[in-house]
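First listed ligand is number 1; within each ligand, the first listed atom is number 1. Bear in mind that the values here come from a model prediction, so they are computed numbers and not experimental data.
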Amino acid sequence: MTLIAGNWKMNGLAAEISEIQSIVSGLANYSGADAMICPPALLLPAAVKAAAGSALAIGAQDCHAEVSGAHTGDISAQMIADAGAVAVIVGHSERRSDHGEQDADVLAKAMAAHQAGLNAIICVGETDRQRDAGDALKVVGSQLDGSVPGGNPDNIVIAYEPVWAIGTGRTASEDDIAAMHDHIRNWLASHFGDAGQRVRILYGGSVKPANAAEILSVPNVNGALVGGASLKADDFLAIVAAA
Ligand code: 13P
């Protein structure tokens, strides 16, 4: 089933749990897609409580690769699972650029997520400079090589987010999305065989109610990772409705 996941990034105070409550009520009208919200870590327990018993899953935005220890300010995958979340985003381009995360770090985080029983939403995507140089497929292929754990892929989701499309209002063309998602699908099939066909590949980058149906109809687009438009229940639900 299509997955619409919302990444709230560093947005949301306690008052915004009301948006989660509205999403929970609104989701009762749609059964065509799985829905997830990834709020800031401090809101995880309240979000899990608001979504309890509903179709809305709650995920986190990052985890540390270690289970516990002397890592001031960090949060482990086990803590995220303990809070009741079911997934964690790893390797978002903002983590890669703001915190210098490399593919090996992302791989370690994805493995930590799996060890804690969480699904790992592994992000990949090229910069505009890399796309202009004709290197987009190569860059994403190498990110997949370095960031995706081997073994059973049933607990991974890949999110393709071209860096230049994030928060800019620009989206990749349907042809470019189709070519990249086909490339990712081939990579998954060559690494995981039939199981690789089942892995969901999300598109992310300025997905909004107005463009969601078009993007979600592209072959091998199995959902969306939504930033800004996931902050308001009405916009998020309109994207779920478009799936
Ligand atoms: P926007 O939808 O705000 O462009 O963000 C996309 C994103 O980075 C989701 O992880």
Which atom pairs, donor and acceptor, lie under 3.5 Å between side-chain atoms of residues 24-31 and protein residues at least two apart or in another chain?
residue : atom : partner : partner atom : Å
Ser25   : OG   : Gln21   : O            : 2.9
Asn29   : ND2  : Gly26   : O            : 3.4

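- Other residues, nucleotides and ligands place more than 12 heavy atoms under 6.0 Å from the CE atom of Met1.
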Per-pair distances, 0.1 Å, donor-acceptor, side chain in residues 187-196, under 3.5 Å, sequence neighbours excluded:
residue : atom : partner : partner atom : Å
Trp187  : NE1  : Asp145  : OD1          : 2.8
Ser190  : OG   : Asn186  : O            : 3.4
Ser190  : OG   : Trp187  : O            : 3.1
His191  : ND1  : Trp187  : O            : 3.0

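- Between atom CG of residue Leu202 and atom CG of residue Leu216 there is a gap of 9.5 Å, rounded to the nearest 0.5 Å.
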Tabulated below should be the N or O atoms of ligand 1 paired with protein N or O atoms at under 3.5 Å; can you produce that?
residue  : atom   : partner : partner atom : Å
ligand 1 : 2 (O)  : Ser206  : N            : 3.4
ligand 1 : 2 (O)  : Gly227  : N            : 2.9
ligand 1 : 3 (O)  : Gly228  : N            : 2.9
ligand 1 : 4 (O)  : Gly167  : N            : 2.6
ligand 1 : 4 (O)  : Ser206  : N            : 2.8
ligand 1 : 5 (O)  : Lys9    : NZ           : 3.2
ligand 1 : 8 (O)  : Lys9    : NZ           : 2.8
ligand 1 : 8 (O)  : His92   : NE2          : 2.8
ligand 1 : 8 (O)  : Glu161  : OE1          : 3.3
ligand 1 : 8 (O)  : Glu161  : OE2          : 3.4
ligand 1 : 10 (O) : Asn7    : ND2          : 3.0
ligand 1 : 10 (O) : His92   : NE2          : 2.9
ligand 1 : 10 (O) : Glu161  : OE1          : 3.2
ligand 1 : 10 (O) : Glu161  : OE2          : 2.9

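- Among residues two or more places apart in sequence or in another chain, the salt bridge (Lys or Arg N to Asp or Glu O under 4.0 Å) test is passed with Arg200 by Asp34.
- If you take CD on Gln61 and CZ on Arg95, they are separated by 9.0 Å, rounding to the nearest 0.5 Å.
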